[in-house]
There are 2 protein chains.
Amino acid sequence: MSLRYALLGLLAGEPASGYDLTQRFEKQLGLIWPAKHPQIYGELNKLADAGLIEIDSEGPRGRKVYRITDAGRAEAKRWLTEEPVDRTARLEPLLRSLFYWLMDPEDLRAHLAAEAAYYRQAAAGFEQFAADKDGGVYGDSPQVKSMRVTIEAGVKLYEALADWAEWAQTVPPAEPQD
Amino acid sequence: MSLRYALLGLLAGEPASGYDLTQRFEKQLGLIWPAKHPQIYGELNKLADAGLIEIDSEGPRGRKVYRITDAGRAEAKRWLTEEPVDRTARLEPLLRSLFYWLMDPEDLRAHLAAEAAYYRQAAAGFEQFAADKDGGVYGDSPQVKSMRVTIEAGVKLYEALADWAEWAQTVPPAEPQD
DNA sequence: GTTCGACGTGTCTCTTCATACATGTCAAGT
DNA sequence: ACTTGACATGTATGAAGAGACACGTCGAAC
């Protein structure tokens, strides 16, 4: 259900086509809410049928730019204020860590090093983004201010994971099991 | 696919029934990898068909205790060392934060306070768990050592989110939009 | 003129997961 | 004797999501 609101929220910021939105998911939203084009196009059609968005203009190659409607804006706001937050997290890397005792120590060392590197780099990516925002590269519209808050969550989250993976490397390995 | 390995990993630690495993997901794993009983029972039957687990004993009320097989242990190890880590994260609260600019400031304040409280409490839960482990309540088997590592991730992660939600409350609200 | 890469929208199929429904057992308290 | 709550395992249905397949367009480089 969240993808529906993600699209609605993005369109509340500015009109966009399915292709535009797919790019944004790929480049910006992938780390917090991934979505592929089949799902996006499908959901856009459902949103249009429901009258929450409408076609703003059509362009070359069948491009359809959508715009949010008043009903859509109201629905987005309703979601934000009335729908309970879904705090479900599904973190495969943490699930794996529960079974580290099954791994050979050398494999585990390599694994944790890769984990730390990945998370540190992801955090750095968010930080770069934050620096650009703070530097005014994107202006200071309300949307940009909210995005800055989201990015801060990304920084803190991925740094926490990087710190964890580094810390885990200092924990003495258990005897290997078979 | 991960649930399959979650069950395999848990059974590598000790034999358990579907009911036992459901309880563990509810009480311990819910915050990092939720799973409900229909999925668990279904997956257990598939694992048994594949010869990765087998029935250890049967008890009252149709209770079936499963035990991991050698093939299952090998498969779990293969997963841990050969399968690429899936670092996909899908965090609805962070997605929401992207659209905070659509909310009325007073609603947002209340929302962030609730977020901070929730994450702080979740972190405290993990910390309590960690303290028990460190206090030796659960012994110091290799499984417990791994779980201690996982718990540390939980602590760091949820504290990061709590810090974020508290920090976000200090960010001056944007002008309300309609 | 052709080729190539980005642009652009869609369908089909399969897996995963959530929710509701369905069924029955056993122990303990009243 | 009866009721209640925990124990215990399943099925049915539908939504969400991933990956493959499918089709067509436009601009730029060669």
Side-chain angles (χ1 to χ4, degrees), chain A residues 1-8 11 15-27 29-50 53-66 79 83-92 95, chain B residues 1-8 11 15-27 29-50 53-66 79 83-92 95:
Chain A
M1 215 58 222
S2 292
L3 178 64
R4 183 186 186 87
Y5 297 107
L7 296 171
L8 215 45
L11 290 174
S17 70
Y19 189 82
D20 297 337
L21 293 164
T22 301
Q23 302 297 103
R24 289 197 65 179
F25 274 91
E26 209 168 281
K27 292 178 184 142
L29 290 172
L31 288 176
I32 60 165
W33 198 273
K36 307 286 184 183
H37 83 267
Q39 219 195 331
I40 292 169
Y41 286 115
E43 201 60 47
L44 284 173
N45 284 323
K46 283 185 206 163
L47 282 165
D49 287 347
I53 62 175
E54 61 193 4
I55 297 205
D56 181 73
S57 66
E58 305 205 17
R61 278 164 289 201
R63 175 182 170 91
K64 285 184 281 183
V65 176
Y66 291 96
W79 172 60
E83 289 287 320
V85 179
D86 177 7
R87 299 198 186 83
T88 306
R90 201 169 245 118
L91 303 165
E92 205 244 39
L95 179 64
Chain B
M1 215 60 223
S2 293
L3 178 64
R4 184 187 186 89
Y5 296 107
L7 296 171
L8 215 45
L11 290 174
S17 69
Y19 189 83
D20 297 338
L21 293 163
T22 301
Q23 302 297 103
R24 289 198 65 180
F25 273 91
E26 209 168 282
K27 291 178 184 141
L29 290 172
L31 288 176
I32 60 165
W33 198 274
K36 307 287 185 182
H37 82 269
Q39 218 195 332
I40 292 170
Y41 286 116
E43 201 60 46
L44 284 173
N45 283 325
K46 282 185 206 163
L47 282 166
D49 287 347
I53 62 175
E54 60 193 5
I55 297 203
D56 180 74
S57 66
E58 305 205 17
R61 278 164 288 199
R63 174 181 170 91
K64 285 184 282 183
V65 175
Y66 291 96
W79 172 60
E83 290 287 319
V85 180
D86 176 7
R87 300 197 186 84
T88 306
R90 200 169 246 118
L91 303 165
E92 205 243 38
L95 179 64

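Order of the sequence lines sets the chain letters (A, B, ...), proteins ahead of strands, with each chain counted from 1. Any value given below was found using the heavy atoms of this structure, including those in side chains, with hydrogens, waters and symmetry copies removed.
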Looking only at side-chain atoms of [X], point me to the closest of [options].
X     : options               : result
B:Y19 : C:dG8, D:dG10, D:dT9  : D:dT9
B:L3  : C:dC17, C:dT9, D:dG10 : C:dC17
A:P60 : C:dC7, D:dG17, D:dC26 : D:dC26
A:R90 : C:dA18, C:dT9, C:dC26 : C:dA18

To the nearest Å, how far apart are [X] [atom1] and [N] [atom2]?
X     : N      : atom1 : atom2 : answer
A:K36 : D:dG17 : NZ    : P     : 13 Å
A:K46 : D:dG14 : NZ    : C1'   : 11 Å
B:M1  : C:dT16 : CE    : P     : 6 Å
A:L44 : C:dT11 : CG    : C1'   : 16 Å
B:R24 : D:dA8  : CZ    : P     : 16 Å
A:F25 : D:dA18 : CZ    : C1'   : 15 Å
A:R63 : D:dG27 : CZ    : C1'   : 15 Å
B:L21 : D:dC7  : CG    : C1'   : 15 Å

Quick check: any donor-acceptor pair below 3.5 Å linking the side-chain of A:H37 to the base of C:dG8?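 Checked by distance alone, the answer is no.
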
Is any side-chain nitrogen or oxygen of [X] closer than 4.0 Å to OP1 or OP2 of [N]?
X     : N      : value
A:Q39 : D:dG17 : yes
B:R61 : C:dG24 : no
A:Y41 : C:dG10 : no

Which part of the nucleic acid, if any, lies within reach of A:S2 when heavy atoms closer than 4.0 Å are counted: base, sugar-phosphate only, or nothing?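 No contact.
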
Looking for any heavy atom pair under 4.0 Å, which part of the strands does B:T22 touch: base, sugar-phosphate only, or nothing?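 It contacts nothing in the nucleic acid.
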
B:K64/B:E58 ion pair, N-O < 4.0 Å: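 No salt bridge links B:K64 with B:E58.
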
Note, A:Y19 side chain near A:I40 side chain (heavy atom, < 4.5 Å):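 The answer is no; the side chains never approach within 4.5 Å.
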
Closest heavy-atom contact between [X] and [Y]?
X     : Y     : result
B:R90 : A:P34 : NH2-O, 2.8 Å
B:L3  : B:A35 : CD1-CB, 3.8 Å
A:E92 : B:W33 : N-CZ3, 3.8 Å

With nearest nucleotide decided by heavy atoms, which residue, A:P38 or A:G62, maps closer to the 5′ end of DNA chain D?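 Nearer the 5' end of the strand: A:P38.
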
